[in-house]
Amino acid sequence: QVQLVEGGGGLVQAGDSLRLSCAYSGPTFSTYAMGWFRQAPGKERDFVAAISRLGSRTYYAESVKGRFTISRDNAKNTLALQMNSLKPEDTAEYYCAAYRGDFPPDSSYRYHYWGQGTQVTVSF
């Protein structure tokens with residue numbers, strides 16, 4: 001059974017950086033492409049970034065391109081999201097998700113497993 005546990009969220013000021021982590025347990029981690037999504041109160045869950053099974057391909061939402069970097073360590077069963085130059089509009093609950101395949105979609109409903117989320121709050 002797949003389990004995902006996020007960490008690293010917190011309260012920061014605009015312009016600061018945060019590094020989110022996602023610890024994976026279950027069958028071989030490299031079976032899954034991985035994604036990060038976020039959801040602000042009253043809004044839909046939005047795609048942030050994704051990475052292929054072996055980490056050779058990455059994908060980003062336009063709103064975070066150039067500021068966020070997704071990475072994975074298949075030896076350590078971990079996924080990360082480095083977030084730089086944070087803005088107040090980045091405030092949301094951040095979720096990692098696993099997709100059984102090698103071309104991660106940007107639609108949340110296609111992912112197979114989800115973590116419980118970690119809160120990121122960016123103040124002015």
Side-chain angles (χ1 to χ4, degrees):
Q1 183 174 350
V2 172
Q3 289 190 321
L4 302 170
V5 179
E6 300 96 335
L11 172 62
V12 297
Q13 293 185 329
D16 286 352
S17 298
L18 270 179
R19 185 176 179 85
L20 303 185
S21 62
C22 175
Y24 170 96
S25 61
T28 305
F29 183 43
S30 58
T31 300
Y32 296 91
M34 299 295 295
W36 285 99
F37 288 77
R38 65 187 181 186
Q39 187 167 21
K43 297 189 177 181
E44 294 184 351
R45 189 168 295 189
D46 291 333
F47 171 76
V48 175
I51 189 166
S52 60
R53 294 187 299 114
L54 300 183
S56 59
R57 296 184 304 277
T58 57
Y59 310 86
Y60 297 93
E62 284 298 322
S63 59
V64 306
K65 200 171 291 185
R67 300 188 297 124
F68 290 11
T69 302
I70 188 172
S71 61
R72 67 188 296 163
D73 186 334
N74 285 351
K76 296 182 178 180
N77 289 359
T78 57
L79 175 74
L81 184 69
Q82 177 66 41
M83 306 187 295
N84 298 330
S85 303
L86 282 162
K87 304 176 181 180
E89 51 263 44
D90 294 319
T91 295
E93 189 84 4
Y94 282 72
Y95 299 88
C96 67
Y99 173 77
R100 196 182 303 112
D102 199 31
F103 295 91
D106 59 6
S107 300
S108 61
Y109 70 89
R110 296 184 62 189
Y111 281 73
H112 299 92
Y113 300 99
W114 291 86
Q116 83 289 348
T118 186
Q119 178 67 36
V120 172
T121 303
V122 184
S123 64
F124 288 93

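Separating the OH atom in Tyr99 from the OG atom in Ser107 is a distance of 10.0 Å, to the nearest 0.5 Å. The structure places OG1 of Thr78 at 12.0 Å from CG of Leu4, a figure rounded to the nearest 0.5 Å. Annotation: the span from Trp36 atom CH2 to Leu81 atom CG amounts to 6.0 Å, rounded to 0.5 Å.
Remark: Lys65 engages Tyr60, Glu62 in a side-chain contact (heavy atoms from CB on, under 4.5 Å) (not counting sequence neighbours). Residues that satisfy the side-chain contact (heavy atoms from CB on, under 4.5 Å) test with Glu93, not counting sequence neighbours, are Tyr95, Gln119. Not counting sequence neighbours, the partners of Ser56 by the side-chain contact (heavy atoms from CB on, under 4.5 Å) test are Ser52. Here Arg45 pairs with nothing under the salt bridge (Lys or Arg N to Asp or Glu O under 4.0 Å) rule; sequence neighbours left out. Listed by chain and number, the residues in a salt bridge (Lys or Arg N to Asp or Glu O under 4.0 Å) with Arg67 are Asp90 (sequence neighbours excluded). Residues meeting the ring-ring contact (aromatic ring centres under 6.0 Å, His included) test with Phe37, sequence neighbours left out: Phe47, Tyr111, Trp114.
The stretch residues 35-72 participates, sequence neighbours left out, in no disulfide (SG to SG under 2.5 Å) pair at all. Screening residues 94-117 for salt bridge (Lys or Arg N to Asp or Glu O under 4.0 Å), with sequence neighbours left out, gives Arg53-Asp102, Arg57-Asp102. Counting only residues at least two apart or in different chains, disulfide (SG to SG under 2.5 Å) contacts with residues 44-81 are absent.
Nearest heavy-atom pair across Tyr32 and Val2 is OH-CG2, 3.6 Å.
Using a 4.5 Å heavy-atom threshold, the side chains of Ile51 and Leu79 count as touching. Residues Met34 and Arg72 meet the side-chain proximity criterion, which asks for heavy atoms closer than 4.5 Å.
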| task | Begin with the C-alpha distance, continue with both residues' side-chain angles, and end with the deciding distance and a verdict on side chain to side chain contact (heavy atoms under 4.5 Å, CB included) for Val64 and Lys87. | result | CA-CA 10 Å; Val64 306; Lys87 304 176 181 180; over 6 Å; no
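Distance alone, capped at 3.5 Å, is enough to place a donor-acceptor pair between the Glu6 side chain and the Gln116 backbone. Panel note: side chain Thr121, backbone Leu11; no donor-acceptor pair is recorded below 3.5 Å.
Grouped with Leu54 in a hydrophobic cluster is no other residue, since no side-chain heavy-atom contact under 4.5 Å to another Ile, Leu, Val, Met, Phe, Trp or Tyr is found. Residue Tyr109 belongs to no hydrophobic cluster, having no ILVMFWY side-chain heavy atom closer than 4.5 Å to its own.
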Residues 16-25 side chain polar contacts: donor-acceptor under 3.5 Å, at least two apart:
unit_1, atom_1, unit_2, atom_2, d
Asp16, OD2, Gln13, N, 3.1
Ser17, OG, Asn84, OD1, 2.9
Arg19, NH1, Gln82, OE1, 3.3
Tyr24, OH, Pro27, O, 2.4

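Around atom CD of Glu89, more than 12 heavy atoms belonging to other residues, nucleotides or ligands sit under 6.0 Å away.
A single hydrophobic cluster is seen to contain both Met83 and Val12, as judged by linkage of ILVMFWY side chains at heavy-atom distances under 4.5 Å, directly or through other members.
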